[in-house]
Amino acid sequence: MSAIELKTVRKSFGVVDVINGVDLAIESGEFCVFVGPSGCGKSTLLRMIAGLEDVTGGDVFIEGRRVNAIEPGDRELAMVFQSYALYPHMTVERNMGFGLAMNGMAKADVEKRVAEAAAALQLQPLLKRKPSQLSGGQRQRVAIGRAIVRHPKAFLFDEPLSNLDAELRVQMRVEITKLHRQLGATMIYVTHDQVEAMTMADRIVVLRRGVIEQQGRPIDLYRDPDNAFVAGFIGSPKMNFFKGTMRPDGTIGLAETAFAPALSSRPGSDQQVTVGLRPEHFEIGAEAGVALTMEIDLIENLGGNSIWHGRLSSGEKLLVERRGYHDQGLGSSVPISFRPDDALIFGHDGRRLR
Amino acid sequence: MFTARTGRALALHAVLLPLALIWLFPLWTMFVFATLPDDGIFGAGIELLPSTAFADNFANLQHDTDFIRAMSISIGVASVYTLISVALTSMAGWALARYRFVGRTAVIGIIFGTITLPYFVVVIPQFIMVARDFNMANSWFALIVPPLFNSLGVLFMRQSFTMLPEEVFDAARVEGIGEWRTFFHIALPMTRPTLAALSIILFLHSWNNYLWPLLVNSRPEMMTAPVALGSLIGLTKVSWGGIMVGAVVLTAPMLVLFVALQRHFIAGISAGAVK
Ligand SMILES: Nc1ncnc2c1ncn2[C@@H]1O[C@H](COP(=O)(O)OP(=O)(O)O)[C@@H](O)[C@H]1O
Ligand SMILES: [Mg+2]
């Protein structure tokens, strides 16, 4: 039995369809990340699981029980918001224990749970403070603490790190991942940041315009995307897309060259396709097989690696990622190459051809 | 160091100071008159410095009308009025801010519309209703309840509830905190500055209310302080010094309250203005 299951869930706000039939089963103990561009319906989907929004169609199950008509407070979930959503007039201690106390838990038990959560999150020195006396990262830890004390069936996170600065975001990312391992709890985590999705998830669910584009293990989405959208969304720097033309001999014409793709079925000739190549799949020189010429516009040196911005002979832009420091002359042309097996081929509708 | 900033401040205060004096002058003369013997008030010149007859004037006042009792009644009525009115207006404001229901916009519109009605248009029908139709003149109920109708307070509270962050209440719902408890333990404390400002406004409203208590009550033992003071003016021998003492005693607590709470008051009023 899945911890949380969605069956053809739909949501409309008036005439606007926001979620268009989502089927999903999240296993107990899984860390599931909903990722997608802003406005694709991630929050709406999460809020329907929480019960904060009614579903327009379909069913939501929590541990096998249909909860469509169950109040949020009776779903035994916990939610962490981007804005922290702490009770501003209560101390950290009170913030964490308030919900339990309001639900009739004995004072001693509340204190015990708050102490446990505070220990897990290193919040003990802050227990007597008000939210206004905390930094953003501390506030979000309190919000997570408030979720932990509930011993919920699942944790729901809605972009919890988006208000934090970059360094803190990395740190909290690690903390939440550790917490997941420590608690073994089911977690659903919403983010628009594919780095968070890649690094934290057991499973990523990519959403676009209210439908699931693809779901699976992070590395599977990275290596084996079903469509151009997922391929472009997952991975940083982004995948390069080039125009390709199927030729009668089964090869694909790309800029000044042609290569034999790793496809099991052959699309019709003269068909336009899109060739996807990740920036790290290019070699400098011709060793990798399919040779191209790149004109360099700019090199961003990050120290450990460098990102080359340039153009093919066809004028199409591309990014190449290399290890180490490089300062090739701008405007110069360099030979580059890639292995045919690394190229992903997409049809005109964006679907992957395999 | 004389900077452009201090220059501006000086110029500003050069304008503010005379204005402040214009406002303060009547208050000062009221205080001065309260300390003058009756013949001093109507003397040839205008007295600008206090004298020593305050206690005598107060004795005269207490002799003409039981002013201490009237003050107690005013305090009691204003306190009860404020408590009930804050409770009602904040609940109504919360309902209008948080719940979507059919006709909500219409309700808000009607409440808003009543603000434009002058009090004097409302007070006569209200009086006829209470005194004639309900036959409730001269009762505590009539003294306190009809003025509770306060659309400004409802809109004031609605506005401040609307500005609270939505997600805090989502968090409360997920935690299973009921609607009443969310209101009392989360929404109300979060609007404390507005509540404080509203309480002061409502208290003042009741404290200064002259027309309604005058109309609805004719029993001397239920007179509020402003009505008691007003009733003195018709007497054959008017003790103006006594009336001035009454005015000072009526005004002083409000002044003290306002000065003490000024900061919260202004924070509450402008809470709607700055986001
Ligand atoms: N309460 C609402 N009323 C109307 N439209 C809404 C409401 N909430 C969200 N939407 C719309 O639904 C879409 C998805 O929103 P949301 O789930 O918040 O996206 P995401 O979290 O992925 O950025 C957006 O286009 C948004 O404008
Ligand atoms: Mg969102």
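By convention in this document, chain letters (A, B, ...) are assigned in the order of the sequence lines, proteins followed by strands, and residues within each chain are numbered from 1. Atom set for the values below is all heavy atoms of this structure, side chains included, hydrogens, waters and symmetry mates excluded.
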Residue L156(A) versus chain B: region with a heavy atom under 4.5 Å: neither
Atom group of A78(A) that falls short of 4.5 Å from chain B, counting heavy atoms: backbone
Donor-acceptor pair, side chain of R169(A) and main chain of L164(A), under 3.5 angstrom: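 At least one qualifying donor-acceptor pair exists.
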Where [X] and [Y] come nearest, the two heavy atoms and their spacing:
| X | Y | answer |
| --- | --- | --- |
| I49(A) | V60(A) | CA-CG1, 4.4 Å |
| A142(B) | V130(B) | CB-CG1, 3.6 Å |
| Q138(A) | S135(A) | OE1-N, 2.9 Å |
| S12(A) | T56(A) | N-OG1, 2.8 Å |
| V55(A) | G58(A) | CG2-O, 3.8 Å |
| V22(A) | G210(A) | CG2-O, 3.8 Å |

Approximate separation, where rounding is to 0.5 Å, of I4(A) CD1 and L24(A) CG: 9.0 Å
Interatomic distance, M223(B) atom CE to M71(B) atom CE [nearest 0.5 angstrom]: 16.0 Å
Donor and acceptor N/O pairs, chain A versus chain B, under 3.5 angstrom:
from    : atom 1 : to      : atom 2 : distance (Å)
R47(A)  : NH1    : D170(B) : OD2    : 2.9
R47(A)  : NH2    : D170(B) : OD2    : 3.4
G73(A)  : N      : R173(B) : O      : 3.2
S83(A)  : N      : E167(B) : OE1    : 3.4
S83(A)  : OG     : E167(B) : OE1    : 2.3
Y87(A)  : OH     : E175(B) : OE1    : 2.7
H89(A)  : NE2    : H185(B) : O      : 2.6
M102(A) : O      : R181(B) : NH1    : 2.6
N103(A) : ND2    : E175(B) : O      : 2.8
R150(A) : NH1    : E175(B) : O      : 3.4
R150(A) : NH2    : V174(B) : O      : 3.1

E175(A) side chain reached by R141(A) side chain, heavy atoms, under 4.5 Å: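 SC-SC contact between R141(A) and E175(A) confirmed.
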Proximity of residues 28-42 of chain A to chain B, residues having a non-hydrogen atom under 4.5 angstrom: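 So no residue qualifies.
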